[in-house]
Amino acid sequence: MPELPEIETVVGDLNKKILGLTIQDIWYDWKKQFKLPKDPREFKKIVVGRKIIGVRRRAKNILIDLSGGCLLLIHQKMTGHLLVGKWKIDKNKPVSLLKGPLREKVNDYIHLIFYLSGGKELALSDLRKFAKVMAGPRETMENLPDLAELGPEPLDRYFDISIFRNIIKEERRPIKQVLMDQNVIAGIGNIYSDEILWEAEIFPLKKADKLSAAQLGRIFRAMKTILKKAIRLRGTSTSDFRDPAGREGRYTFVRKVYRREGKPCSRCQTAIKRVKIGGRSGHYCPVCQKN
DNA sequence: ACAATATCCTGCGAGC
DNA sequence: TGCTCGCAGGATATTG
């Protein structure tokens, strides 16, 4: 569920909280989260002793640059959370030593902790255990399909309407599906594809190659404004997104369609509808989004 | 060559 | 009240 704005929020916070610290040890209780190397002991060997130089985002991936030319990649998938705090392991389960939001449920699903210099800890909480972590030499990592095959970043300055048009016009799938395809455009998921298409007044099942120039222009502009606004509001927490301090995002309160089935459209008061698109649910206004 | 479907997971809410 | 079941969905693997 964390998409571009949520990951951007996490990355910004991590840059303020853990820059310059060294990974001293790790704790984990779920082996399958390690995708590369698959052996947790090998993973540990790579990251321990390295300093955190910078934190970046690419699509929905969190990229942590480590000293010695290494890169740590974390993908939160749907229910992953990166938290900065302090925990004690009690009966093989982490318990937060800090008061506040970290004491809440998100604290119950921690399966990985990085122990950092200065007594800080970076934890990965993940209820559904879909999140993945990878580490290795930067060049090896950047050549993995996970990164190498991604489409352009929607908020990059060079990413203009002509590039957007050229990418989209080749696609015959429904526009919502195209917007969510990371190898077409990076970082957009179910929440923001719904929100962007409502803003642009486009029917989510409309085939991408059938969109007019005016419609493409509206989608392009909506994509930029919605994503920027969502970053400003620190993401959406309709289900369980939390920032590294355990706090919710405020885009939840200004969203127009996502998970608002049956509720009135803020433009025309018509009840928001829900449809299955490529196995996922899309939300739209049947009056505002006719084509 | 492309598209639809299954897979991984767990909690939650609907319905009986 | 307590059970079952479908749903949530990012990305990859597999089948059609």
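Worth knowing before you read on, the calculation uses all heavy atoms, side chains too, and leaves out hydrogens, waters and symmetry mates. Below, chains carry the letters A, B, ... as their sequence lines are ordered, and counting in each starts from 1.
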Next on the checklist: For A:Y284 and A:K176: C-alpha separation, side-chain torsions, deciding distance, then whether side chain to side chain contact (heavy atoms under 4.5 Å, CB included) applies.
Outcome noted: CA-CA 11 Å; A:Y284 69 103; A:K176 177 177 166 67; over 6 Å; no

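- When each of A:E3, A:E199, A:E6, A:R255 is paired with A:Y192, the side-chain hydrogen bond (donor to acceptor under 3.5 Å, both in side chains) condition holds for A:E6 and for no other.
- Rounded to an integer number of Å, the gap from CG of A:L36 to P of C:dT12 is 13 Å.
- Take A:F34 and apply the side-chain contact (heavy atoms from CB on, under 4.5 Å) test, not counting sequence neighbours, and it matches A:I26, A:Y28, A:P40, A:F43, A:L112, A:V133.
- Atom CG in A:L127 sits about 15 Å away from atom P in C:dG10, given to the nearest Å.
- Whole-Å rounding puts the A:L150 CG to C:dG10 P distance at 15 Å.
- Note on A:Y192: nothing from the nucleic acid sits closer than 4.0 angstrom, heavy atoms only.
- Following rounding to the nearest Å, A:Q33 (CD) and C:dA11 (P) show an atom-to-atom distance of 18 Å.
- Partners of A:R58 by salt bridge (charged side-chain N to carboxylate O under 4.0 Å, His left out), not counting sequence neighbours, listed by chain and number: A:E153.
- In this structure, the aromatic ring of A:F130 is not positioned over the six-membered ring of the base of C:dA11 within 5.5 Å between centres and 30° between planes.
- To the nearest whole angstrom, the two P atoms, one in C:dC3 and one in B:dC9, are 25 Å apart.
- Residue pairs that meet the side-chain hydrogen bond (donor to acceptor under 3.5 Å, both in side chains) test with at least one member in residues 66-76 of chain A, sequence neighbours left out, do not exist here.
- Atom-to-atom, CG of A:D181 to C1' of C:dT12 comes out at 12 Å; the value is rounded to the nearest Å.
- Atom CD in A:E149 sits about 19 Å away from atom P in C:dG10, given to the nearest Å.
- A:K35 comes within 4.0 angstrom of nothing in the nucleic acid, heavy atoms only.
- Listed here is the closest heavy atom pair of A:P152 and A:V184: CD-O, 3.2 Å.
- The salt bridge (Lys or Arg N to Asp or Glu O under 4.0 Å) analysis of residues 31-55 of chain A, with sequence neighbours excluded, yields the pairs A:D25-A:K44, A:D39-A:R41, A:E42-A:K45.
- When the C1' atom of C:dG10 is taken as reference, atom CG of A:N190 falls 10 Å away, rounded to whole Å.
- Distance, A:D240 CG to C:dC7 C1': 14 Å, rounded to whole Å.
- Rounded to whole Å, the separation between the P atoms of C:dA11 and B:dA1 comes to 25 Å.
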Checklist entry - How does DNA chain B look in dot-bracket notation if pairs are Watson-Crick or G-U with both distances under 3.5 Å, crossing ones as [ ], other-strand ones as |? => result .|||||||.|||||||

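- Applying the ring pair (Phe, Tyr, Trp, His ring centres under 6.0 Å) test to every pair with at least one member in residues 123-144 of chain A, sequence neighbours left out, gives no pairs at all.
- Heavy atoms of A:Q76 sit nowhere under 4.0 angstrom from any nucleic acid atom.
- When the salt bridge (charged side-chain N to carboxylate O under 4.0 Å, His left out) test is applied to A:R157, no partner is found at least two apart in sequence or on another chain.
- Remark: A:T79 is not in phosphate contact with C:dA8, judged by side-chain N or O atoms under 4.0 Å from OP1 or OP2.
- For A:H75 and C:dG10, the shortest distance from a side-chain N or O to OP1 or OP2 is not below 4.0 Å.
- Residue-level contact check: A:D126 touches neither bases nor backbone, having no heavy atom under 4.0 Å from any strand.
- Of the residues in residues 165-173 of chain A, none lies under 4.0 Å from DNA chain C by heavy-atom distance.
- For the salt bridge (charged side-chain N to carboxylate O under 4.0 Å, His left out) test, no residue two or more places apart in sequence or in another chain qualifies with A:D240.
- With sequence neighbours left out, A:R232 forms a side-chain contact (heavy atoms from CB on, under 4.5 Å) with A:K229.
- Applying the salt bridge (charged side-chain N to carboxylate O under 4.0 Å, His left out) rule to A:K290 yields no partners; only residues at least two apart in sequence or on another chain are considered.
- A nucleotide of DNA chain B counts as in contact with chain A when one of its atoms lies under 4.0 Å from a heavy atom; the first and last such, 5' to 3', are B:dC8 to B:dC12.
- For A:M180, the side-chain atoms get nearest to C:dG10 when compared with the rest of C:dG10, C:dA8, C:dT12.
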